[in-house]
Number of protein chains: 2
Amino acid sequence: MGDENCVRLAYKIWLDNNGKVFGDGPYDLLLRVEQIGSLSKAAAEIGMSYNKAWRLIRAIEDRLGFPLLKCKVGGASGGGSEVTSQARRLMQQYRAFREEAENALELLYAKHFNEKEIKG
Amino acid sequence: MGDENCVRLAYKIWLDNNGKVFGDGPYDLLLRVEQIGSLSKAAAEIGMSYNKAWRLIRAIEDRLGFPLLKCKVGGASGGGSEVTSQARRLMQQYRAFREEAENALELLYAKHFNEKEIKG
DNA sequence: TTGCGTTATACTAGCAAAAGTATAACGTAT
DNA sequence: ATACGTTATACTTTTGCTAGTATAACGCAA
């Protein structure tokens, strides 16, 4: 049972191509990879297993058709991953779109539901 | 693997209160109940089992805090359901909001992704 | 009193998605 | 040669959701 009058707007927005291509989760993960230079560390930061993070990135790359990460295996540091320029471009576009979409939706929600009361 | 360059916008929008409260599915179902006067027939129309439809309505009513349907059991016709005035009000608000939201999102998507190419 | 169509609800089963476990490969430094 | 931290990937397990099945209650009509 829900709290009496706490109804609120909820939404999920993503890019899709026969499956989820890009959304808030991948955006956040890539942002961290960009800063740290390691997918496993980025995943650990947000409490995600490396395995899950890797599967996520791979699935997206398959659907997107271009690589998100340029990965190195072995070496002094063990290896690492850096975000490709294509991925950085996508991230920028997505962030801008996402922000404006959120603003627009909240505005419309207020217009239709808050100015008039939801309960009849 | 996804088709090369068929990436498109996808989204789900709903009202929420510790679980989904209202969205496109319930809206469509209630619309049919309004016309036919029977939940079981309305469900059958869209290939949904009565059981599923009933659970859907009940869950929403729990979270929403007011009844969507006024139901009669037994009688010559077996019974029937009619949509409450509160539910009708909600349906109207949701439909108007939903339409404007869709327009706004498509517009923003075009602005950020179609005018510039998605592939780097 | 039997039958019918509807609402009302519990219980069960199956299935798909999510996530964990295990393991290999790699390359530098010591 | 060994160790270490990372990427790479298969396999297994679990879990949460979905949906079907069954059954009862109800009230009118024949």
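Just so it is clear: chains get the letters A, B, ... in the order the sequence lines come, proteins before strands, and each one is counted from 1.
Distance, A:K72 NZ to D:dA8 C1': 17 Å, rounded to whole Å. Rounding to whole angstrom units, CD1 of residue B:I57 and P of C:dT6 are separated by 16 Å. Atoms NZ (B:K20) and P (D:dG16) sit 18 Å apart, rounded to a whole Å. The interatomic distance linking A:K41 (NZ) with D:dG5 (P) rounds to 9 Å, in whole Å. Atom pair A:L69:CG and D:dT7:P shows a separation of 9 Å (rounding to whole Å applied). Rounded to an integer number of Å, the gap from B:L56 CG to D:dA19 P is 11 Å.
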**Message:** Assess the residue pair B:M91 and B:F22 against the criterion (side-chain contact (heavy atoms from CB on, under 4.5 Å)); give the C-alpha distance rounded to whole Å, side-chain angles, the decisive distance to 0.1 Å, and a yes or no.
**Reply:** CA-CA 9 Å; B:M91 289 168 68; B:F22 207 75; 4.0 Å; yes
**Request:** Given side-chain contact (heavy atoms from CB on, under 4.5 Å), test B:E100 with B:N103 step by step and report yes or no.
**Result:** CA-CA 5 Å; B:E100 293 186 33; B:N103 289 339; 5.5 Å; no
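Set against C:dA8, C:dT6, D:dT6, the side chain of A:S40 has D:dT6 as its closest nucleotide.
Between A:D16 and A:K20 no salt bridge is recorded (no basic side-chain N to carboxylate O distance below 4.0 Å).
In this structure, the side chains of B:L15 and A:Y109 come closer than 4.5 Å at one or more pairs of heavy atoms.
Between A:Y27 and A:Y94, the ring-plane angle classifies as tilted under the 30° and 60° cut-offs.
OP1 or OP2 of D:dA8 has at least one side-chain nitrogen or oxygen of A:W54 nearer than 4.0 Å. Considering only side-chain N and O atoms, B:S81 lies under 4.0 angstrom from the phosphate OP1 or OP2 of C:dT7.
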**Request:** Sugar-phosphate means primed atoms, P, OP1 and OP2; the rest is base. With that split, encode nucleotides 20-30 of chain C 5' to 3' as B, S or - using protein heavy atoms under 4.0 Å.
**Result:** BB----BBSS-
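If you chain together hydrophobic residues whose side chains sit under 4.5 Å apart, A:I13 and A:L31 fall into the same group.
By the criterion of a centre-to-centre distance under 5.5 Å and near-parallel planes under 30°, the ring of B:Y50 forms a stack with the base of C:dT7.
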